[in-house]
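Before any comments, here is the structure.
One-based numbering, in listed order, for ligands and for the atoms of each. The model shown is predicted, which means the values in this text are computed figures rather than measured ones. One-based numbering along the sequence shown.
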Amino acid sequence: MTTLYEGAFAKLNLTLDVLGKRDDGYHDLKSVMQTVSVRDDVQIDVGTGKPWTLSCTLEGIPADERNLAWKAAKVYLDAIGEDPDGLAIRITKRIPAQAGMGGGSADAAAVLRALNRHYGDPLSILALAELGAQVGSDVPFCTLCGTAMVEGRGERLRSLPGLPDCFFVICKPDFSVSTPELYRKIDEKQIPRRPDHQAMESAILAGDLGKICENIYNVFDPIVTEEHLELNYIKSIFNSYGSVAQQMTGSGSAVFAIVPSFEYAAVICNMLKENYPQVFIAKPV
Ligand code: ATP
């Protein structure tokens, strides 16, 4: 039996635009995504000689074939035609659930990378990301990691240069948002403002953190904020203590800020911790 270890990194959407609903019911998106150092740890025993098992340290996450990590293992092994003779997957969860931080997708991506390494890298990272699309929309990006322009349902990826040195503060409030409900709402509305992807890409290429911050924008943010004014409170704390960009990630409910130094991040984190148990300081990875 061999034990594999892999980090599963959370993602943030620096931008997120919904371009329209497709005939197949999915939405076409455009987003600059970034992986950050908030991580789950995934361990896989390969060759246990027993039926597959999965355990997870967070209650409420399915610990069976419904788990995205399990699905990823199945999709990968089917694709390369290998039988591992038993798998035991263990997930140490730190990425909050239903946060818009792609927790499940990150775990699935970690399984793809770990198994691919175990079998001698038969698939390139891009082929692995493509396979990830069968597991979930955010899995391709979570497989690639770094900074990328993501389009379609999440399957079209273009890597961008890494962000300049900075810190993220991420706060997950107690409430959760229903993603299907949010898409239904956005389909019914005119989107009043959209992110400027060209400007964001130029800012990233120039390594200009000020301009990157100016261009952070998520079309879901005002819709969720309208119903949960609490997000404005969190953003006001971010803003009062040195952040110039604060925005919700994905379909929420986590919000993040970019700050230039650890000192600012630590002050914001201490302020928010008084009311919110789930606050993280992270770096881009
Ligand atoms: P996204 O940004 O991709 O929408 P999210 O933060 O909104 O992610 P997740 O925390 O990834 O959502 O999980 C969404 C649902 O997926 C959970 O309610 C959970 O039941 C299911 N799920 C399946 N596998 C996992 C996993 N390994 N970790 C977390 N959730 C998982």
Side-chain angles (χ1 to χ4, degrees), residues 6-16 18 26-27 29 31-36 38-44 52-76 87-115 129 132-145 148 150 152-155 157 168 170-183 186 218-221 223-224 228 247-256 278 280 282:
E6 185 69 20
F9 297 96
K11 62 88 182 160
L12 296 177
N13 298 84
L14 302 183
T15 60
L16 180 55
V18 179
Y26 289 103
H27 287 78
L29 308 176
S31 177
V32 174
M33 293 195 193
Q34 174 68 51
T35 35
V36 295
V38 179
R39 59 180 273 183
D40 294 345
D41 286 318
V42 176
Q43 279 185 40
I44 311 171
W52 288 25
T53 59
L54 186 144
S55 63
C56 180
T57 54
L58 191 66
E59 268 180 41
I61 305 289
D64 52 29
E65 66 282 352
R66 288 169 298 165
N67 196 292
L68 297 184
W70 184 305
K71 284 188 183 162
K74 175 106 186 45
V75 162
Y76 179 80
L87 282 187
I89 302 173
R90 289 185 294 280
I91 304 171
T92 306
K93 269 267 159 213
R94 294 189 201 89
I95 305 172
Q98 312 221 304
M101 296 171 70
S105 307
D107 297 341
V111 166
L112 293 177
R113 286 193 303 266
L115 288 177
Q134 292 179 34
V135 182
S137 302
D138 290 334
V139 181
F141 170 71
C142 290
T143 305
L144 187 68
C145 294
V150 181
R153 264 182 66 197
E155 76 287 2
L157 305 174
F168 291 97
I170 306 160
C171 179
K172 164 73 176 72
D174 272 345
F175 69 88
S176 299
V177 179
S178 154
T179 306
E181 176 91 341
L182 202 50
Y183 275 100
I186 210 153
N218 175 352
V219 293
F220 286 130
D221 183 301
I223 301 174
V224 177
H228 298 278
Q247 198 71 183
M248 195 181 75
T249 175
S251 53
S253 62
V255 275
F256 68 92
Q278 300 198 84
F280 306 86

* To do: Among residues two or more places apart or on two chains, list those pairs meeting salt bridge (charged side-chain N to carboxylate O under 4.0 Å, His left out) that have a residue in residues 94-103.
  => D41-R94
* To do: Would you please name every residue forming a side-chain hydrogen bond (donor to acceptor under 3.5 Å, both in side chains) with T143, sequence neighbours left out?
  =>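 With neighbours one apart ignored, the set is empty.
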* Name all residues meeting the side-chain hydrogen bond (donor to acceptor under 3.5 Å, both in side chains) criterion together with E155; count only those two or more places apart in sequence or in a different chain, and write none if there are none. =>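 Testing E155 for side-chain hydrogen bond (donor to acceptor under 3.5 Å, both in side chains), a comparison that skips the adjacent residues, returns none.
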* Asked: Do you know which two heavy atoms are closest between I95 and G103, and how far apart they sit?
  -> CG2-CA, 3.7 Å
Does ligand 1 have any N/O atom under 3.5 Å from a protein N/O, and what are those pairs and their distances?
unit_1	atom_1	unit_2	atom_2	d
ligand 1	2 (O)	K11	NZ	3.2
ligand 1	2 (O)	G100	O	3.4
ligand 1	2 (O)	G102	N	3.1
ligand 1	3 (O)	D138	OD2	2.7
ligand 1	6 (O)	A99	N	2.9
ligand 1	6 (O)	G100	N	2.9
ligand 1	6 (O)	M101	N	3.4
ligand 1	7 (O)	G100	N	3.4
ligand 1	8 (O)	G102	N	3.4
ligand 1	10 (O)	Q98	N	3.0
ligand 1	11 (O)	G103	N	3.3
ligand 1	11 (O)	G104	N	2.7
ligand 1	18 (O)	Q98	NE2	3.1
ligand 1	24 (N)	N67	OD1	3.4
ligand 1	24 (N)	L68	N	3.0
ligand 1	27 (N)	N67	OD1	2.8
ligand 1	27 (N)	N67	ND2	3.4
ligand 1	27 (N)	D107	OD2	2.9
ligand 1	28 (N)	K93	NZ	3.1
ligand 1	28 (N)	D107	OD2	3.4

* **Gap separating the OG1 atom of T92 from the CG atom of D40, nearest 0.5 angstrom** => 8.0 Å
* Asked: Heavy-atom count around K74 NZ within 6.0 Å, excluding the residue itself: above 12?
  -> no
